[in-house]
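Report on one structure; see the data block that follows.
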Amino acid sequence: MKELLREIIARTFEQCRIEGLLRSELPPDFTVELPRSRQHGDLATNIAMVLAKQEQRPPREIAEMFAGKLSQADPCILKVEIAGPGFINCFIDACAWHDVLERIEAQADRYGSSDSGQGRKVMVEFVSANPTGPLHIGHGRGAAVGDAFARVLAFAGYDVTREYYINDVGNQMNNLGRATRLRYLELHGCKGAFPEDLYRGDYIYDVARLVSAQHGDRFVHEREESCLPFFTRFASDTILQGIKDDLRDFGVEFDSWFSERTLFERGEVQKALDDFRAEGLVYEQDGALWFAASRFGDEKDRVVVKEDGKTTYFASDIAYHRDKLRRGFAGMIDIWGADHHGYIPRLRSFLRALGVADEAFSVILIQMVNLLRAGVPVAMSTRSGEFVTLREVMDEVGRDAARFSFLTRRSDAQLDFDLDVAKKQSDENPVYYVQYAHARICSILRVAEEKGLAAPVFADIDAGLLTAPEEADLLKQLSGFPALVSGSARAREPHRIAVYLMELVGQFHSYYTKHRVITDDERLSRTRMHLITCIRTVLRNGLAVLGVGAPDRM
RNA sequence: GCGCCUGUAGCUCAGUUGGAUAGAGCAACGGACUUCUAAUCCGUAGGCCGGGGGUUCGAAUCCCUCCAGGCGCGCCA
């Protein structure tokens, strides 16, 4: 409907130009929106105010003239009013909104999808936590946002691949191996000093016990140098498997798991550096090899090969993102913890050096999660092993509640996550507010079926019976869903879906208490049943995009 | 010192990419279940949108500046 009015306005505009009433071009930035207040009509446009400057006339004067033309432009425009500084408020024939019911019925679980992504191939890379320990609550937030965002993109017509980048080489890996070996020796009665900088979490004992169970004491007398690769590999494989299990149970699926180690095995890191050398993008200084990042917007140049001959993390990331490009991704969206934000200019500088457009690469930063219990902060420290894992949060508050809490907030704002609040099955918890509406609709339809009222189809209903203002509002809200999804994709803000759903169910619950769906009037009943069925479809689609369940009863 | 993020009701947060009288939920108070699920609804109260300048028809939103909190600023990952 919005789009339709835009077209009518554009048409009217041309008419005015032909008649010499307007001189300027059609401004591209005029808007058509749903006003907050019903007094302001069904749709409003600001075109007169936008035009005021170009035309050098007062906005209200333009509005008077334009509104007169607009009111004649299309039969579905019943009335046009001018208000405030120059808004043109349009009152639209109610039947103009009815076809949304037909569209929802026809598209069903595809309603809300669009081709605004035009099949562009994009990668969402997220979580990508080092396999040195279990996922914690912060990773959970990144997982929920990344997963939901990937679904939003897919729904909005992008060709999406979700990938987890595994940092399985480097110093941290060595530390993991050493820690595991020491715990293993400890289990076999050889307790030695345990360095401060190694991983102290209890999960290391779990890994060590697994080594013992599978290999007995065969490593007890072996020197560290010879068995360290084994311990490192064993521990990271075991922990990665745990991460995969956690993510699966959290409802997060990946299309691929990309190992940093394979970049080295295939010589990709070396190849990238050789190419840079050939193009004069790197130089040697102080015994190290530097990438000329400052030539591409970073604040200084960056080391890619250290004095000791080892490559840096940045070098791997260069090879990794080159690989993404080679795989044909027109869009790369990386989801990082906000503490890595300083790294963005570095990566962007390298992409610019390759001639990649800035729009092709973007980062969604996930801010910190402050974990609370009954309002009191819970101490978190990865190294000491004192942290609350994602698994524990899932077990305690439930998957849906946890995901929804993460997805109702913008990801670039810090988040207080109170375990006691999140676990309450009450009105303090918005996830149940939304799910309850879905269950309630299912319940109504069950009762209707018991009374012999079959599920209605659009052809059999009389949408003209939907005369209540609450019904008109619901139809408008439902019709805005596809634009919301594509807007959410474009703005990279998956939380908009959750906010929208809360608004929708607020309207529904309110409607429910004021109007009965099942009445003595069978035609009316069928019509309202169709309306709530459509609401249910949108709830299902919206919740599916968020990866949150839609229970039939609660 | 420099950079990024945040600052909106007592608390947790939205605010449709500059629009009309700034909205929800919780907490507080008062109401609504013989009728499709009360995990719900209706009402009351609660605000110099951190402060100050600017841009314009119009600013919570954009620019500058200051204040407060968080996070970064490695030949760590």
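The basis for the numbers below is simple: all heavy atoms, side chains too, and nothing from hydrogens, waters or symmetry mates. In what follows, every chain begins at residue 1, and chains take the letters A, B, ... in the order their sequences are listed.
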Quiz item: Looking only at side-chain N and O atoms, does A:Thr312 come under 4.0 Å of OP1 or OP2 in B:A77?
Solution: no

Quiz item: Crowded around A:Arg233 CZ? As in, over 12 foreign heavy atoms under 6.0 Å?
Solution: no

Exercise. Considering only atom C1', compute the distance from B:A45 to B:C29 and round it to an integer number of Å.
Key: 8 Å

Quiz item: Rounded to the nearest Å, what distance is computed from the NZ atom of residue A:Lys300 to the P atom of nucleotide B:C73?
Solution: 10 Å

Self-check item: Below 4.0 Å: OP1/OP2 of B:A38 and any side-chain N or O of A:Tyr512
Solution: yes

Quiz item: Are the ring centres of A:Tyr164 and A:Phe258 closer than 6.0 Å?
Solution: no

Practice problem: Take A:Asp286 and A:Glu307 through the side-chain contact (heavy atoms from CB on, under 4.5 Å) test and state the conclusion after the steps. | Solution: CA-CA 8 Å; A:Asp286 303 330; A:Glu307 221 173 336; 6.0 Å; no

Quiz item: Rounded to the nearest Å, what distance is computed from the CG atom of residue A:Asn174 to the C1' atom of nucleotide B:A77?
Solution: 13 Å

Quiz item: If you measure from the C1' atom in B:C13 to the same atom in B:G47, how many Å do you get, rounded?
Solution: 15 Å

Exercise. Take the protein atom NZ of A:Lys451 and the nucleotide atom P of B:C36, then report the distance between them rounded to whole Å.
Key: 8 Å

Quiz prompt | Nearest-nucleotide 5' precedence on RNA chain B, A:Ser510 against A:Leu365 | solution = A:Leu365

Quiz prompt | Options B:C5, B:G15, B:G72, nucleotide nearest the side-chain atoms of A:Gln367 | solution = B:C5

Quiz item: Under 4.0 angstrom, heavy atoms only, what part of the nucleic acid is A:Ala288 near: base, sugar-phosphate, or nothing?
Solution: base

Self-check item: Sugar-phosphate, base or nothing in reach of A:Ala491, heavy atoms under 4.0 Å
Solution: nothing

Identify all side-chain donor-acceptor contacts of residues 79-87 of chain A below 3.5 Å with residues at least two apart in sequence or on another chain.
| from | atom 1 | to | atom 2 | distance (Å) |
| --- | --- | --- | --- | --- |
| A:Lys79 | NZ | A:Glu81 | OE2 | 3.4 |

Quiz item: Contact class for A:Met368 vs. all strands (heavy atom < 4.0 Å): base, sugar-phosphate, or nothing?
Solution: sugar-phosphate

Exercise. Indicate, with a heavy-atom threshold strictly under 4.0 Å, whether A:His509 touches base, sugar-phosphate, or nothing.
Key: sugar-phosphate

Exercise. Scan side-chain atoms only and decide if A:Asp301 and A:Tyr283 contain a donor-acceptor pair under the 3.5 Å cut-off.
Key: yes

Quiz item: Are the ring of A:His340 and the six-membered base ring of B:G72 within the stacking cut-offs of under 5.5 Å and under 30°?
Solution: no

Self-check item: Separation of B:U40 P from A:Tyr432 OH (nearest whole Å)
Solution: 12 Å

Quiz item: So what does A:Pro85 hit on the nucleic acid, given a heavy-atom distance under 4.0 Å: a base, only sugar-phosphate, or nothing?
Solution: base

Practice problem: Verify the neighbour count for atom CG of A:Asp358: are there more than 12 heavy atoms of other residues, nucleotides or ligands below 6.0 Å? | Solution: yes

Quiz item: So, A:Phe350 versus A:Phe296, ring centres under 6.0 angstrom or not?
Solution: no

Practice problem: May I ask you to list the residues of residues 434-448 of chain A, by number, that have any heavy atom positioned under 4.0 Å from an atom of RNA chain B? | Solution: A:Tyr436, A:Ala439, A:Arg440, A:Ser443, A:Ile444, A:Val447

Quiz prompt | CA sep, side-chain torsions, deciding dist, call: A:Glu522, A:Lys451, side-chain contact (heavy atoms from CB on, under 4.5 Å) | solution = CA-CA 11 Å; A:Glu522 197 182 318; A:Lys451 293 193 174 173; over 6 Å; no

Quiz item: To the nearest Å, how far apart are A:Arg526 CZ and B:C36 P?
Solution: 22 Å

Quiz item: Has A:Phe87 got its ring stacked on B:A20, by the test of a centre gap below 5.5 Å and a plane angle below 30°?
Solution: yes

Quiz prompt | A:Asp168 CG to A:Arg261 CZ distance, which is reported to the nearest 0.5 Å | solution = 4.5 Å

Quiz item: OP1 or OP2 of B:C5 sitting under 4.0 Å from any side-chain N/O of A:Arg410?
Solution: no

Quiz item: Under 4.0 Å: is that the gap between some side-chain N or O of A:Tyr500 and OP1 or OP2 of B:G15?
Solution: no

Exercise. Figure out the NZ/P separation between A:Lys514 and B:C42, and round it to whole Å.
Key: 9 Å

Quiz item: CZ of A:Arg23: more than 12 outside heavy atoms within 6.0 angstrom?
Solution: no

Self-check item: Nearest-angstrom distance from the residue atom CH2 of A:Trp336 to P of B:C4
Solution: 16 Å

Quiz item: Tell me: OH of A:Tyr343 to P of B:C76, nearest whole Å?
Solution: 12 Å

Quiz item: Using a cut-off of 4.0 Å on non-hydrogen atoms, how would the nucleic acid contact of A:Leu415 be classed: base, sugar-phosphate, or nothing?
Solution: sugar-phosphate

Quiz item: The side chain of A:Asn46 lies closest to which of these nucleotides: B:G72, B:G19, B:G70?
Solution: B:G19

Quiz item: Taking the side chain of A:His341 as its heavy atoms from C-beta onward, which of B:C73, B:C4, B:C36 lies nearest to it?
Solution: B:C4

Practice problem: For B:C2 and B:U40, measure between their P atoms and round to the nearest Å. | Solution: 49 Å

Exercise. Could you work out which one of B:C75, B:C5, B:A39 sits closest to the side chain of A:Met554?
Key: B:A39

Quiz item: How would you label the contact of A:Asp286 with the nucleic acid (heavy atoms, under 4.0 Å): base, sugar-phosphate, or nothing?
Solution: base

Quiz item: Using Watson-Crick and G-U wobble pairs whose two distances are both under 3.5 Å, how do you write the pairing of RNA chain B as dot-bracket, with | for links to another strand?
Solution: (((((((..((((.....[...)))).(((((.......))))).....(((((..]....))))))))))))....

Practice problem: From the options B:G70, B:A20, B:A77, select the nucleotide whose nearest atom is closest to the side chain of A:Asn89. | Solution: B:A20

Exercise. Rounded to whole angstrom, note down the C1' distance from B:U61 over to B:U55.
Key: 13 Å

Quiz prompt | Closest listed nucleotide, where the reference is the side chain of A:Gln172 and the choices are B:C75, B:C76, B:G70 | solution = B:C76

Quiz prompt | N-glycosidic conformation, B:C57 - syn within 90 degrees of 0, else anti | solution = anti

Quiz item: Does the ring center of A:Phe406 lie less than 6.0 Å from the ring center of A:His495?
Solution: no

Quiz item: Which whole number of Å gives the distance between the C1' atom of B:A9 and that of B:C4?
Solution: 29 Å

Quiz item: Counting only side-chain N and O atoms of A:Lys306, is one of them less than 4.0 Å from OP1 or OP2 of B:A77?
Solution: yes

Quiz item: So which heavy atom on A:Pro494 is nearest to which on A:Val152, and how close?
Solution: CB-CG2, 4.4 Å

Quiz item: When the P atoms of B:G30 and B:G72 are considered, how many whole Å apart are they?
Solution: 48 Å

Practice problem: Determine the contact category for A:Arg516: base if any of its heavy atoms lies under 4.0 Å from a base atom, sugar-phosphate if only primed atoms, P, OP1 or OP2 are that close, otherwise nothing. | Solution: base

Quiz item: What distance, rounded to whole Å, do you find between the two C1' atoms, one in B:G15 and one in B:A22?
Solution: 8 Å

Self-check item: Test item: side-chain donor near acceptor, A:Glu260 and A:Ser316, under 3.5 Å
Solution: yes

Practice problem: For nucleotides B:A14 and B:G53, find the distance between their C1' atoms and express it as a whole number of Å. | Solution: 28 Å

